[in-house]
Amino acid sequence: MQTGAHHPVTTTPLLPGTTLALYTDGFVELPGTDAPRTTFDLAGHLDTGDGHDLERLIGRLVHHTTPTGQHADDITVLLLRTSRPDGGPA
């Protein structure tokens, strides 16, 4: 389905071992919180997260964001990590 919408495309090189986080607004826009502050906290957790186990890091991020397990909105988080140019782990 084409909508005719045009979206800007930006490219940037990522160093080996870089973790890219993609998430929905429900992950940082929580009732009674400041979304920029929550986003800043998310970045801090990513920075101090386990450098090797993305599944464990996602679990910790979700638990930190919604410790009671109750969500006011749907949440999605996807973490991607770059590897070395030879294909090995960073």
Side-chain angles (χ1 to χ4, degrees):
M1 178 174 133
Q2 284 192 331
T3 63
H6 297 279
H7 302 281
V9 175
T10 302
T11 60
T12 187
L14 299 175
L15 297 174
T18 298
T19 300
L20 177 65
L22 306 171
Y23 53 89
T24 58
D25 63 341
F27 202 69
V28 293
E29 292 178 357
L30 308 171
T33 64
D34 177 52
R37 178 65 190 173
T38 308
T39 303
F40 180 80
D41 289 347
L42 171 63
H45 275 79
L46 287 167
D47 191 41
T48 60
D50 185 337
H52 301 287
D53 190 343
L54 292 181
E55 286 186 49
R56 186 179 339 159
L57 179 55
I58 288 173
R60 289 196 342 242
L61 291 173
V62 170
H63 178 74
H64 174 75
T65 303
T66 56
T68 64
Q70 307 235 337
H71 314 267
D73 194 357
D74 62 320
I75 63 168
T76 301
V77 62
L78 172 67
L79 299 182
L80 304 169
R81 177 156 311 126
T82 59
S83 60
R84 292 190 322 233
D86 65 7

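None of these values were measured; they are calculated from a predicted model.
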Give, for atom OG1 of T39 and atom CD of E29, the distance between the pair rounded to the nearest 0.5 Å.
8.0 Å

Residues at least two apart in sequence or cross-chain that pass side chain to side chain contact (heavy atoms under 4.5 Å, CB included) with L79, listed by chain then number, are T19, A21, L46, L54, L57, I58, L61, V77

Could you identify which residues cluster with V9, counting Ile, Leu, Val, Met, Phe, Trp and Tyr as linked when any side-chain heavy atoms lie under 4.5 Å apart, either directly or through a chain of such contacts?
none

In terms of hydrophobic clusters joined by side-chain contacts under 4.5 Å, are L78 and L20 together?
yes

Is it true that a side-chain atom of T82 and a backbone atom of T18 form a donor plus acceptor pair closer than 3.5 Å?
yes

Other hydrophobic cluster members with F40, side-chain heavy atoms of Ile/Leu/Val/Met/Phe/Trp/Tyr under 4.5 Å, chained?
none

Provide the full list of salt bridge (charged side-chain N to carboxylate O under 4.0 Å, His left out) pairs with a residue in residues 30-39, sequence neighbours left out, each pair given once.
R37-D41

Nearest heavy atoms of F27 and T38, plus distance in Å:
O-CG2, 4.3 Å

